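Notes for the one structure printed next.
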Number of protein chains: 2
Amino acid sequence: MPAVPAAHQRPAPDGGVRRRRAGRPSSAVLDKAGITSAALELVSRKGYDGLTMAALAKLLEVAPSALYNHVSSKQDVLLLVEDHLMSLVDVSSFGAAPWDDAVRTWAWSYRNVFAEHTPLIPVIAVLPVTDAPQTLAMYETVSKGFLDAGFPQERIISAIVALESFIFGSAYDVTAPEDIFDPGTMAESTPYFTAAVRGAAGTALRAADAAFMLGLDALIDGLGSLRREAD
Amino acid sequence: MPAVPAAHQRPAPDGGVRRRRAGRPSSAVLDKAGITSAALELVSRKGYDGLTMAALAKLLEVAPSALYNHVSSKQDVLLLVEDHLMSLVDVSSFGAAPWDDAVRTWAWSYRNVFAEHTPLIPVIAVLPVTDAPQTLAMYETVSKGFLDAGFPQERIISAIVALESFIFGSAYDVTAPEDIFDPGTMAESTPYFTAAVRGAAGTALRAADAAFMLGLDALIDGLGSLRREAD
DNA sequence: ACCTGAACACCGTTCAAGT
DNA sequence: ACCTGAACACCGTTCAAGT
């Protein structure tokens, strides 16, 4: 081992970032886990607009093209991030609390996680679960919870999809401006709508939370009626 | 009036697109309505990937920068398209059919329109209604329908938002691959989920339609219970 | 006021060259 | 196998110049 670090490991005289020589490094500097955590850090600091392949490469101190040895596209990076986030969704109540309480805990947690990551929603919606192990783990726990609660097997997927659809849509609401329904100068031509907006203004909850609570309770009630007696 | 068309109106000798001279044309060649319909045509022919400012300009036979005399950004173009699509949503049953039937007709129509335009969903979710007259018109009709059905005024917006959230989330499902829930090689480590997926396979409806129907019925039942007697 | 044309500051992705 | 560096084919947007 040389006593003096190689030239590319010393800080550049001008204080710029140190450069790696071209060619295969002695050990790989990138892997999927590192790319995932760098992407998460970038998103939390700069939002999804800041998540570019160039920015990701810079944070990892590699050339942008190096990323393509580990992921096949930016969509692939989003998939890695999405699967990580799924592991943050709280499914712990299934098996530990009654079905309706478990669904409520899960749904609020799920919505809150993705309210901060709405740009991933179009990705999730089309993503085959095969490629996302954490996502699959979540579905397994939730499916078991529904079966144990007495749901007929052939309706479980539909019920979960319906809940998820509501959750994803509701995640967008959280990001909407508080005054999104202000009819502005059109107020007098839309009296019923304007009255409804004004009538809702007195509530303690944020509009997005009130709507989520209302819809979730309705879905839990309605879907719950599908259950037969649990054995 | 000259008997011979001006040079820029004649086909170019090489058969290329005819060019306009620089400078203000004698009458404006662009307006918002024209931009909107060109955008819609582009989307229907090439999808949202094909909707670029350059492609839009080309279809309208102007330079891309000319668009910015009429819209301030691409987001603005999406907003124009979105507002047009809202006018396609069927609200005709409100006032003509019982509340639950009207909601069902409206919701299916709404979902079907945006299932083909999912890239607009993130735009809609954050868009103040002030800027979108057709959208506002839809909300007016729906609000009146809810009020006349006996909904308490302060819950109407929440109820509509809950339904819309479900509708937007469900629109994504329509675009998902039919085998999105195939657990693939992970099937044996997720027995409950795998069984649920297999149990759902026999249904006549597409998975997205079965989930939408189930969730919509649950929401209509649950929300409907908020009504007091209509007068 | 409303066009053109050139320019700007980016994107994601590919690929030859290097070790 | 896994990096660098250059290049490609785009993006959306700005702005001076022209009429």
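Predicted model, so just to flag it, every value in this text is computed and none were measured. Here is how names work: the chains are called A, B, and so on, in the same order as the sequence lines, proteins then strands, and each is numbered from 1.
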Outermost DNA chain C nucleotides near chain B [under 4.0 Å, heavy atoms]:
C:dA1 to C:dG5

Do A:Asp90 and A:Thr105 have side-chain atoms, one donor and one acceptor, less than 3.5 Å apart?
no

Distance check, rounded to the nearest 0.5 Å: B:Met138 atom CE versus B:Glu164 atom CD?
5.0 Å

Drop me the distance from A:Ile167's CD1 to A:Tyr110's OH, to the nearest 0.5 angstrom.
6.5 Å

Hey, what's the ring geometry for B:Phe114 with B:His117, parallel, tilted or perpendicular (30° and 60° as the breaks)?
perpendicular

Quick one: are the ring centres of A:Phe212 and A:Phe166 less than 6.0 Å apart?
yes

For DNA chain D, what is the dot-bracket line, given that a base pair needs Watson-Crick (N1 to N3, plus N6-O4 or O6-N4) or G-U wobble (N1-O2 and O6-N3) geometry with both distances under 3.5 Å, and | means paired with another strand?
||.|||||...|||||.||

Sub-3.5 Å donor-acceptor pair from the side chain of A:Thr194 to the main-chain atoms of A:Ala187, do we have one?
yes

Polar side chain donor-acceptor pair, B:Gln134 to B:Tyr139, under 3.5 angstrom:
no

Tell me what A:Ala28 touches on the nucleic acid: a base, only sugar-phosphate, or nothing, going by heavy atoms under 4.0 Å.
sugar-phosphate

What do you reckon, are the aromatic ring centroids of A:Phe146 and B:Tyr192 less than 6.0 Å apart?
no

So which one's nearest nucleotide on DNA chain D is more toward 5', B:Leu51 or B:Ala22?
B:Leu51

With nearest nucleotides of DNA chain C determined for B:Ser65 and B:Arg24 from heavy-atom distances, which residue corresponds to the more 5′ nucleotide?
B:Arg24

On DNA chain D, check which nucleotide each of B:Ser73 and A:Leu30 is closest to and give me the residue with the more 5' one.
A:Leu30

